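Notes follow once the structure below has been shown.
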Number of protein chains: 2
Amino acid sequence: MNRKNVTIQDIANTANVSKSTVSRVLNDSTPVDAKKRAAVLKAMKNLDFKPNVFARILAGGRSMTLGIVTQNIGSPFYDSVTMGVINGLADTGYSPIIADGQWNQERELVAVRTLIERQVDGLIMVGGNLDSSTLREACHGVPVVQIARYLEDCKERCICIDNVAAAKRATEFLIEAGHRNIAHIAGISDHEDSIDRLKGYQQALTDANIVVRDELIVQGDFSAQSGVLALETLLLRGVAFSAVFAANDEMAFGVRLALFRAGKRVPEDVSIIGFDDQPNSAYMIPPLTTVSQPALEMGAAASKMLVSAIAEKPFEIPMLPVELVVRESVTRLR
Amino acid sequence: MNRKNVTIQDIANTANVSKSTVSRVLNDSTPVDAKKRAAVLKAMKNLDFKPNVFARILAGGRSMTLGIVTQNIGSPFYDSVTMGVINGLADTGYSPIIADGQWNQERELVAVRTLIERQVDGLIMVGGNLDSSTLREACHGVPVVQIARYLEDCKERCICIDNVAAAKRATEFLIEAGHRNIAHIAGISDHEDSIDRLKGYQQALTDANIVVRDELIVQGDFSAQSGVLALETLLLRGVAFSAVFAANDEMAFGVRLALFRAGKRVPEDVSIIGFDDQPNSAYMIPPLTTVSQPALEMGAAASKMLVSAIAEKPFEIPMLPVELVVRESVTRLR
DNA sequence: GACTTACATGAAACCGGTTCCAAGGCCCCC
DNA sequence: GGGGGCCTTGGAACCGGTTTCATGTAAGTC
């Protein structure tokens with residue numbers, strides 16, 4: 001407001017054309033005579049012209065802004081995904097604007113509405129609970145990409161992994177190492193990821209003809225502290241177990257600490273396997289064997305995908321590697 | 001663009017007043033007759049009127065958007081601060097828009113310019129390298145709050161801690177525990193925080209009449225991996241040390257792992273103290289003694305401060321607790 | 001060479017607000 | 001009772017672009 005900006009009119013005057021022509025050059029919407037075009041471009045360069053984003057939006061153009069709806073800020077995995085998105089948006093010309101849904105349907109809806117109100121050109125949902133019809137309705141046709149959550153009715157817009165298969169793979173790894181008494185620390189009970197990972201755990205056991213025993217399953221909430229509590233519960237129950245599969249790395253850290261307190265060695269006495277492969281999992285003592293879920297890459301992929309969707313270009317969902325990262329927290333049972 | 005929005009004109013028609021009057025009610029800028037005011041408010045409620053942000057900005061109002069300039073996304077501490085800011089902005093009516101500077105002066109300037117171009121009402125710098133005069137100039141009078149960095153010429157707008165004092169305190173803690181041969185893993189060499197923390201380390205030693213020995217100081221880069229390397233360097237040098245002060249927790253994790261690999265126990269053989277108190281530091285084996293730097297709170301405080309600054313209300317910089325968190329990675333030397 | 005067609009261009013309307021300005025109504029005071 | 005001042009209000013200009021529409025001109029066709 002202080003500085004007077006160079007407007008499209010200034011360019012028009014300098015280049016001896018009309019506003020309309022300048023606008024056309026700006027948007028490549030209609031052919032313009034080469035000479036005039038050159039004159040306009042030159043004027044824009046000389047005057048260091050920068051189109052006013054808001055006038056543009058108001059007049060019906062693109063806002064060049066993308067909305068990101070996050071959940072419970074502070075969670076390593078989701079924060080990483082969010083940061084991946086922001087990172088992926090660099091150099092695309094789009095700026096990210098963020099709203100927090102806090103794993104609360106009501107707040108999530110408010111977040112979506114706020115962003116839509118701000119005329120974002122697209123929306124990225126990082127996790128979330130909103131059912132897809134409500135979401136779709138709130139979006140008014142703005143393209144949406146969903147990360148880390150699978151929505152049946154818009155698969156082509158979901159960037160997520162097969163939690164069942166991945167959890168099964170992790171459990172199988174323990175079974176292959178000779179473990180039979182495998183405990184599972186589950187995540188938040190109504191969270192889709194938790195449910196799927198539990199399912200994978202059960203399938204692996206069943207497939208290996210091992211009975212699924214409820215006393216080996218403890219409810220956690222994805223926090224490290226809940227991992228501590230869960231392991232203490234397990235100890236209190238007095239059930240024997242030689243390995244623990246935690247539904248995320250955070251809880252695996254908690255499990256590790258609780259074992260340390262209980263004087264049990266890892267992996268000699270108890271093996272641990274986690275899920276997510278957070279950056280610091282490689283620095284657990286001993287380094288944590290886990291399933292890698294490439295958070296930053298997922299975020300980046302989502303941003304690229306959304307940009308393509310807005311441009312109405314086709315986009316291939318990249319094969320995101322979900323692999324078992326074998327480190328040192330699992331031992332072969334003699 | 002699809003849905004037709006309720007505009008100020010619709011309200012005017014419904015309430016039988018002019019656009020101007022509606023605008024006045026909206027902004028409380030000029031007294032309006034109580035009856036008309038009520039009619040307008042009622043109409044706004046009935047029609048579910050939401051003012052168009054962009055028209056508002058274009059016409060010279062506030063954008064209700066705040067810019068955040070982050071650095072090297074992926075760093076736990078800075079990401080936490082950023083998330084703290086986003087969190088603190090909830091319910092203020094302001095939406096955050098983010099740009100990444102990547103610890104690169106040029107990109108940082110681009111980030112600031114992009115945000116200013118988008119007419120943010122205020123700016124929060126999370127870390128950064130830009131010298132304050134350049135920053136000030138690029139901001140064109142938009143208020144700025146700086147987090148985690150101390151700028152001499154605008155102290156009242158900086159939310160940061162006294163790194164020298166905090167590092168000194170950490171080192172003293174080791175000295176009090178009887179340690180004499182204390183190694184220091186420094187951060188990125190030209191980073192202000194690193195320099196200050198090194199200074200604090202040196203001061204503590206000097207004050208205790210312990211000679212500062214260069215062979216006990218190793219250069220790191222704040223990453224866990226650099227902590228591993230640094231400790232290996234130390235081992236290679238063959239100098240004796242009973243404690244390590246790492247300039248951040250990440251590097252402390254690296255140190256811990258390297259000691260594990262070298263077969264040294266913590267804290268029996270080597271004590272470790274970190275800096276930052278990242279969430280997972282409490283879950284290191286053994287739990288890490290460290291200096292807490294409340295990242296989320298700093299971010300939240302910054303957002304409140306900026307909102308106050310925009311409203312031209314006074315704001316007290318909160319006393320952010322920088323305290324030594326004593327856990328189990330330091331032992332008293334016999 | 002006359003007529004049609006296509007195309008580039010400028011004028012003007014429009015997006016949805018804010019704000020300046022002038023006018024009308026009311027109260028107050030001499 | 002008339003004049004002056006204040007307060008409220010509507011009208012209109014404006015913010016800086018996009019887009020529709022009509023026009024003038026050049027090219028194309030027979």
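Keep in mind the model is a prediction, meaning the values are calculated, not measured. The chains referred to below are lettered A, B, ... by the order of the sequence lines, with proteins before strands, and numbering in each begins at 1.
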Of the nucleotides [options], which one has an atom closest to the side chain of [X]?
{"X": "Arg24(A)", "options": "dG10(C), dG17(C), dT9(D)", "result": "dG10(C)"}
{"X": "Ala55(B)", "options": "dG16(C), dT9(D), dT18(D)", "result": "dG16(C)"}
{"X": "Val17(B)", "options": "dT9(C), dT18(D), dG10(D)", "result": "dG10(D)"}
{"X": "Ala59(B)", "options": "dC21(D), dG16(C), dT8(D)", "result": "dG16(C)"}
{"X": "Ser20(A)", "options": "dT8(D), dT9(C), dA11(C)", "result": "dA11(C)"}
{"X": "Lys19(B)", "options": "dG17(D), dT9(C), dA13(D)", "result": "dA13(D)"}
{"X": "Pro51(B)", "options": "dT18(C), dG17(C), dG10(C)", "result": "dG17(C)"}
{"X": "Ser23(A)", "options": "dT9(C), dT19(D), dT18(C)", "result": "dT19(D)"}
{"X": "Thr21(A)", "options": "dG17(D), dT9(C), dG11(D)", "result": "dT9(C)"}
{"X": "Leu58(B)", "options": "dG16(C), dG10(D), dT18(D)", "result": "dG16(C)"}

Could you give the [atom1]-to-[atom2] distance, from [X] to [N], as a whole number of Å?
{"X": "Asp28(A)", "N": "dT18(D)", "atom1": "CG", "atom2": "C1'", "result": "15 Å"}
{"X": "Ile11(A)", "N": "dT18(D)", "atom1": "CD1", "atom2": "P", "result": "12 Å"}
{"X": "Phe54(B)", "N": "dT18(D)", "atom1": "CZ", "atom2": "P", "result": "15 Å"}
{"X": "Ile57(B)", "N": "dG17(C)", "atom1": "CD1", "atom2": "P", "result": "12 Å"}
{"X": "Arg118(A)", "N": "dC15(C)", "atom1": "CZ", "atom2": "C1'", "result": "18 Å"}
{"X": "Lys50(B)", "N": "dC15(C)", "atom1": "NZ", "atom2": "P", "result": "21 Å"}
{"X": "Asn52(B)", "N": "dC15(C)", "atom1": "CG", "atom2": "C1'", "result": "8 Å"}
{"X": "Ile8(A)", "N": "dC14(D)", "atom1": "CD1", "atom2": "P", "result": "18 Å"}

May I ask you to say what Val22(B) touches in the nucleic acid, namely base, sugar-phosphate or nothing, with a heavy-atom cut-off under 4.0 Å?
nothing
Is the count of non-hydrogen atoms from other residues, nucleotides or ligands lying under 6.0 Å from Gln105(B) atom CD greater than 12?
yes
Check this for me: does the side-chain of Thr7(B) come within 3.5 Å of the base of dG17(C) through a donor and an acceptor?
no
Using only side-chain N and O atoms of [X], determine if any of them is under 4.0 Å from OP1 or OP2 of [N].
{"X": "Lys36(B)", "N": "dG10(D)", "answer": "yes"}
{"X": "Asn27(A)", "N": "dT18(D)", "answer": "yes"}
{"X": "Arg56(B)", "N": "dG16(C)", "answer": "no"}

Taking the six-membered ring for Trp, are His191(B) and Phe222(B) parallel (under 30°), tilted (30 to 60°) or perpendicular (over 60°)?
perpendicular
What closest approach, in Å, do Leu47(A) and Val6(A) show between heavy atoms, and which atom pair accounts for it?
O-CG2, 3.3 Å
Side chains of Met44(B) and Leu26(B), heavy atoms from C-beta outward: is any pair under 4.5 Å?
yes
Are Arg24(B) and Asp33(B) within salt-bridge range, i.e. N to O under 4.0 Å?
no
Given that Ser29(A) and Val32(B) both sit by DNA chain D, which one's nearest nucleotide is further toward the 5' end?
Val32(B)
Hey, which of Asp100(A), Thr82(A), Asp79(A) is the one that makes side-chain hydrogen bond (donor to acceptor under 3.5 Å, both in side chains) with Thr70(A)?
Asp100(A)
